[in-house]
Amino acid sequence: MMRIKVNLKELRNKKTMSIYQLSKATGLNESIIRKIESGERANPSIRTVAKLCECLEISIDDFIYNDLAK
């Protein structure tokens with residue numbers, strides 16, 4: 001699950017979104033997004049992942065299993 005934190009930050013940066021903007025777009029609390037990106041919350045719920053993926057326009061499989069920083 002290490003890829004989630006890296007992929008989240010990578011995708012958010014590619015879309016030039018702040019954590020605040022991503023929070024507003026997904027309805028997720030900013031602290032949840034910060035914790036995922038820092039690795040403090042290594043296993044977010046599938047609902048959280050689905051909201052992030054929908055907003056960032058990526059499949060859940062790609063988000064979880066692929067290294068998007070390459």
Side-chain angles (χ1 to χ4, degrees):
M1 290 296 196
M2 188 69 150
R3 286 190 178 102
I4 289 177
K5 77 177 195 172
V6 173
N7 286 346
L8 176 56
K9 190 167 191 168
E10 182 71 20
L11 289 167
R12 186 175 61 73
N13 287 334
K14 279 184 181 176
K15 293 204 175 268
T16 62
M17 294 180 83
S18 67
I19 290 176
Y20 173 79
Q21 290 168 321
L22 184 58
S23 170
K24 292 300 175 196
T26 59
L28 297 171
N29 192 299
E30 285 181 69
S31 67
I32 290 172
I33 296 169
R34 285 186 209 291
K35 286 179 181 179
I36 294 169
E37 281 193 7
S38 73
E40 187 178 333
R41 188 172 185 173
N43 295 310
S45 72
I46 190 66
R47 183 173 295 164
T48 297
V49 170
K51 286 180 180 183
L52 291 168
C53 289
E54 182 179 351
C55 180
L56 297 169
E57 300 174 323
I58 189 164
S59 73
I60 292 173
D61 282 346
D62 284 343
F63 185 68
I64 293 173
Y65 298 113
N66 293 328
D67 183 354
L68 303 175
K70 289 184 178 181

query = What distance separates Glu57 CD from Lys15 NZ, expressed to the nearest 0.5 Å?
reply = 4.0 Å

inquiry  = Minimum heavy-atom separation for Asn7 and Leu68, please, with both atom names.
reply    = OD1-N, 3.0 Å

task = Output all residues satisfying side-chain hydrogen bond (donor to acceptor under 3.5 Å, both in side chains) with Thr16, sequence neighbours left out; order by chain, then residue number.
result = none

note = Residues Val6 and Ala69: closest non-hydrogen pair is CG1-CB, 4.1 Å

query = Distance from Ser23 atom OG to Ile33 atom CD1, nearest 0.5 Å?
reply = 5.0 Å

key: Path from Ile36 to Ile46 over hydrophobic side-chain contacts below 4.5 Å   = yes

ask   = Of all heavy-atom pairs between Thr26 and Cys55, which one has the smallest distance, and what is that distance?
value = CG2-CB, 3.6 Å

inquiry  = As an exercise, state the distance from CG of Asn13 to CG of Leu8, rounded to the nearest 0.5 Å.
reply    = 9.0 Å

inquiry  = If I compare all heavy atoms of Leu22 with all of Leu56, which pair ends up nearest, and what's the gap?
reply    = CD1-CD2, 4.1 Å

task = Any chance you could measure Thr48, atom OG1, to Asn43, atom CG, to the nearest 0.5 Å?
result = 11.5 Å

key: By side chain to side chain contact (heavy atoms under 4.5 Å, CB included) - contacts of Asn29 (at least two apart)   = Ser31, Ile32

Contact list for residues 34-56, test salt bridge (Lys or Arg N to Asp or Glu O under 4.0 Å), sequence neighbours left out = Arg12-Glu37, Glu30-Arg34

message = On a heavy-atom basis, which atom in Phe63 and which in Leu11 lie closest, and how many Å separate them?
response = CD1-CD1, 3.7 Å

message = For Lys24, is the NZ atom crowded, meaning more than 12 foreign heavy atoms sit under 6.0 Å from it?
response = no

